[in-house]
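Numbers restart at 1 for each chain; the letters A, B, ... are given by sequence-line order, proteins then strands.
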Amino acid sequence: MLDPRLLRTELDEVAMHLARRGLVLDQARIEDLERERKQRQVEVESLRGERNSRSKAIGKVKGAGGDIAPLLAEVADLGARLATAETRLDAIQGELEQIGLELPNLPDPSVPDGRDERDNREERRWGEPPSFSFEPRDHVDLGAFNGWMDFDLAAKVTGSRFVVLSGPLARLHRALIQFMLDTHTEEHGYKEVYVPYLVNTDSLLGTGQLPKFAADLFKVPGERDFYLIPTAEVPVTNLVRDLILDEGELPRKWVAHTPCFRSEAGSYGKDTRGMIRQHQFEKVELVQVVRPRESLQALEALTGHAETILQRLGLAYRVVSLCAGDLGFGASKTYDLEVWLPGQQTYREISSCSTYSDFQARRLQARWRNSETGKPELVHTLNGSGLAVGRTLVAILENYQKADGRIQLPEVLRPYLGGQEVLG
RNA sequence: GGAGAGGUGGCUGAGCGGUCGAAAGCGGCGGUCUUGAAAACCGUUGACUCGCAAGGGUCCGGGGGUUCGAAUCCCUCCCUCUCCGCCA
């Protein structure tokens with residue numbers, strides 16, 4: 001959510017920033033609503049002020065044993081007048097609130113201009129895509145060849161866009177998770193947390209998935225509706241919802257491994273082959289809660305933490321700064337990490353690292369007490385994949401394949417796989 | 001699934017329908033004392049919002065109701081805790 005004060009006082013500027021995202025703000029409508037809101041609010045508050053002082057006076061008279069009947073007559077219609085005024089004010093406020101909840105965050109000034117992914121700016125590359133003396137296969141062929149990956153079985157058990165991994169590949173999958181968690185906790189200063197995979201609507205409103213993106217979520221109806229998490233960002237970031245943190249408690253840095261569930265509504269034709277786009281996948285997620293002045297710096301650091309995993313695994317990748325038009329709803333700045341996939345002869349997203357500035361914090365009411373001002377202020381929140389495990393598995397298979405279809409293992413994973421050098 | 005208790009400020013925890021935005025304690029901040037610190041003592045300390053200010057308004061789990069007036073009464077929903085049962 002944007003700062004409502006900005007919306008009131010700097011609407012032109014807000015519109016300008018949102019225009020970078022390709023969003024046309026209906027300024028006239030907001031101004032009209034705002035004007036009426038102000039008028040109604042003044043009306044309601046003066047009526048309430050009158051009611052309060054009258055009631056207090058009645059209380060005093062009654063306490064002193066006086067006759068309150070004439071006073072009661074004077075305020076006879078006050079309640080009704082107040083009620084109608086309040087109803088009108090509520091309607092306008094509700095409308096403004098709805099608009100506010102569906103407005104995306106403002107892009108950081110350092111974010112490149114542009115409309116879509118074609119305008120994203122490549123920041124740097126690391127590593128060389130491997131060259132093969134044979135025609136490299138993609139992960140689907142490799143998985144099937146070794147008998148480790150079965151989409152038909154998953155389709156029987158559940159449906160499309162799920163997978164069954166077995167034997168050595170299932171173990172490699174688990175090893176990747178362990179490796180990532182160990183690296184982030186032991187070397188990057190994150191605290192590991194285990195969190196619920198089902199969350200309530202408050203949490204999803206807090207991080208911005210609701211109300212706008214309900215179609216992307218799996219809902220679990222019940223006495224009380226829950227949703228399967230689309231990312232650990234939701235339960236982990238919500239750890240600070242409704243808190244006022246002491247300055248000494250910042251920054252908070254958490255890492256969590258969770259499954260993620262996405263309905264992938266609206267992407268029916270995309271990446272239908274293989275493990276790239278599934279309804280269920282594992283992710284190791286990094287979350288930081290920081291003081292506002294530190295958030296851009298923290299984004300660089302967090303991105304670096306995710307990069308470390310790719311580097312240790314020896315996977316070639318590039319870092320892309322998303323342009324304003326390609327930014328996610330709540331992000332003010334995002335770096336995507338894209339790993340080289342020989343099967344597709346291209347770089348594919350494997351991590352997305354973002355700062356949300358105070359956008360999520362405002363919805364979450366996540367604050368810290370500034371020791372200089374003594375006042376509570378909104379924190380900044382960040383998160384990034386470190387990394388998407390399924391896609392990392394794909395990258396290992398494709399980049400480390402040998403001519404005979406077997407998979408060489410990166411050094412760092414071997415301790416997690418009983419010292420094997422080759423998978424299986 | 002059965003039985004009960006409870007949701008109040010950063011935290012713990014009081015609160016006859018009227019002067020309660022709310023006692024007290026803790027914590028925080030400032031000070032006295034001290035070479036410094038601790039302890040002790042004194043003072044101070046909710047959040048949000050409108051306003052240049054004075055000042056106004058809102059907030060005691062959410063929503064609705066009764067009333068001139070609700071933290072306090074009624075309805076309803078949600079949540080938390082305890083005991084029993086079942087269970088990974």
Side-chain angles (χ1 to χ4, degrees), chain A residues 1-11 31 33-94 96-97 100-101 194-206 210-211 219-227 235 238-250 252 259 289 291 358 361-379:
Chain A
M1 196 158 49
L2 298 176
D3 186 347
R5 200 168 326 186
L6 272 186
L7 233 39
R8 277 196 296 268
T9 61
E10 313 283 343
L11 191 56
E31 279 166 356
L33 281 170
E34 189 47 48
R35 198 174 305 117
E36 191 169 358
R37 195 222 92 236
K38 199 160 193 169
Q39 194 182 322
R40 297 293 179 205
Q41 184 151 339
V42 168
E43 183 186 352
V44 163
E45 289 188 3
S46 79
L47 279 171
R48 278 208 274 245
E50 188 178 346
R51 180 201 61 189
N52 289 350
S53 61
R54 297 261 189 173
S55 292
K56 218 165 247 188
I58 291 173
K60 272 184 188 161
V61 170
K62 197 179 176 189
D67 178 14
I68 60 171
L71 293 173
L72 288 183
E74 281 177 36
V75 295
D77 66 330
L78 231 183
R81 277 160 58 206
L82 180 58
T84 49
E86 279 177 332
T87 305
R88 284 191 299 230
L89 178 61
D90 282 350
I92 292 158
Q93 278 179 332
L96 277 168
E97 195 175 322
L101 279 175
Y194 170 81
V195 291
Y197 303 158
L198 288 168
V199 292
N200 57 35
T201 52
D202 284 345
S203 291
L204 288 159
L205 281 169
L210 289 179
K219 187 175 183 173
V220 182
E223 276 185 35
R224 188 163 185 227
D225 290 342
F226 292 131
Y227 292 83
N238 270 278
L239 294 176
V240 294
R241 169 148 55 91
D242 293 327
L243 293 184
I244 299 178
L245 298 165
D246 285 334
E247 191 163 358
E249 294 180 85
L250 296 177
R252 313 292 318 247
V289 176
R291 296 185 294 187
D358 60 10
R362 187 168 293 108
R363 292 166 166 243
L364 293 161
Q365 281 302 297
R367 294 171 292 175
W368 64 294
R369 196 172 293 277
N370 186 333
S371 59
E372 285 173 27
T373 63
K375 291 284 181 189
E377 297 175 14
L378 295 169
V379 297

Looking at residues at least two apart in the chain, or sitting in another chain, which of them share a side chain to side chain contact (heavy atoms under 4.5 Å, CB included) with A:Arg241?
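A:Asn200, A:Asp202, A:Ser203, A:Asn238, A:Leu364.
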Contacts under 3.5 angstrom, residues 58-70 of chain A side chains, donor-acceptor by atom type, not counting sequence neighbours:
{"residue": "A:Asp67", "atom": "OD1", "partner": "A:Ala69", "partner atom": "N", "Å": "3.0"}

Once you apply the 3.5 Å cut-off to both distances, tell me the Watson-Crick or G-U wobble partner of [N], or none.
N	answer
B:G21	none
B:A39	none
B:C52	none
B:G27	B:U45
B:U80	B:A5

How long is the line joining [atom1] of [X] and [atom2] of [N], in whole Å?
X	N	atom1	atom2	value
A:Gln93	B:U58	CD	C1'	10 Å
A:Leu198	B:C79	CG	P	14 Å
A:Arg367	B:C11	CZ	P	11 Å
A:Met1	B:C48	CE	P	14 Å
A:Leu82	B:U58	CG	C1'	12 Å
A:Asn370	B:G10	CG	P	17 Å
A:Gln41	B:C48	CD	C1'	12 Å
A:Asp202	B:C77	CG	P	19 Å

Using the [atom1] atom as the reference point in each nucleotide, state the distance between [N] and [M] in Å, no decimals.
N	M	atom1	answer
B:G51	B:C42	P	41 Å
B:U12	B:G1	C1'	34 Å
B:C16	B:A3	P	30 Å
B:A47	B:C11	P	12 Å
B:A38	B:G28	P	10 Å
B:G36	B:G25	P	29 Å
B:A23	B:A39	C1'	27 Å
B:A22	B:U58	C1'	15 Å

How would you list, by chain and number, every residue that makes a side-chain hydrogen bond (donor to acceptor under 3.5 Å, both in side chains) with [X], sequence neighbours excluded?
X	result
A:Glu74	A:Arg54
A:Glu247	A:Arg291, A:Ser371
A:Glu45	A:Gln41
A:Arg362	A:Asp358

When you match A:Gly59 and A:Lys38 each to their closest nucleotide on RNA chain B, which lands nearer the 5' end?
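Nearest-nucleotide comparison on RNA chain B picks A:Gly59.
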Residue whose nearest RNA chain B nucleotide is more 5′ - A:Val42 or A:Arg54
A:Val42
Among the nucleotides B:A47, B:G21, B:C68, which one has an atom lying closest to any side-chain atom of A:Arg369?
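Per side-chain heavy atoms of A:Arg369, the pick is B:A47.
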Select base, sugar-phosphate, or nothing to describe what A:Arg48 touches, counting heavy atoms under 4.0 Å on all strands.
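Contact class for A:Arg48: sugar-phosphate only.
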Just call it for A:Asn52: base, sugar-phosphate, or nothing, with non-hydrogen atoms closer than 4.0 Å on any strand.
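Sugar-phosphate only.
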Check whether any side-chain N or O of A:Arg363 sits under 3.5 Å from a backbone N or O of A:Leu101 as a donor-acceptor pair, and report yes or no.
yes
For nucleotides 69-71 of chain B, tabulate all protein N/O to nucleotide N/O atom pairs closer than 3.5 Å, reporting atom names and distance.
{"residue": "B:G69", "atom": "O4'", "partner": "A:Ser55", "partner atom": "OG", "Å": "3.0"}

Atom pairs under 3.5 Å: protein N/O with N/O of nucleotides 59-65 of chain B:
none

For a quick check under 3.5 Å, do A:Asp242 and A:Gln365 share a side-chain donor-acceptor pair by atom type?
no
Enumerate donor-acceptor pairs with a distance under 3.5 Å from any side-chain N or O in residues 78-85 of chain A to protein atoms, sequence neighbours excluded.
{"residue": "A:Thr84", "atom": "OG1", "partner": "A:Ala80", "partner atom": "O", "Å": "3.4"}
{"residue": "A:Thr84", "atom": "OG1", "partner": "A:Arg81", "partner atom": "O", "Å": "2.9"}

Check A:Asp225 with A:Lys219, please: is the shortest side-chain N to carboxylate O separation under 4.0 Å?
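Counted as a salt bridge, because a side-chain N and a carboxylate O are separated by less than 4.0 Å.
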When you check the gap from the basic side-chain N to the acidic O, do A:Glu43 and A:Arg88 get nearer than 4.0 Å?
yes
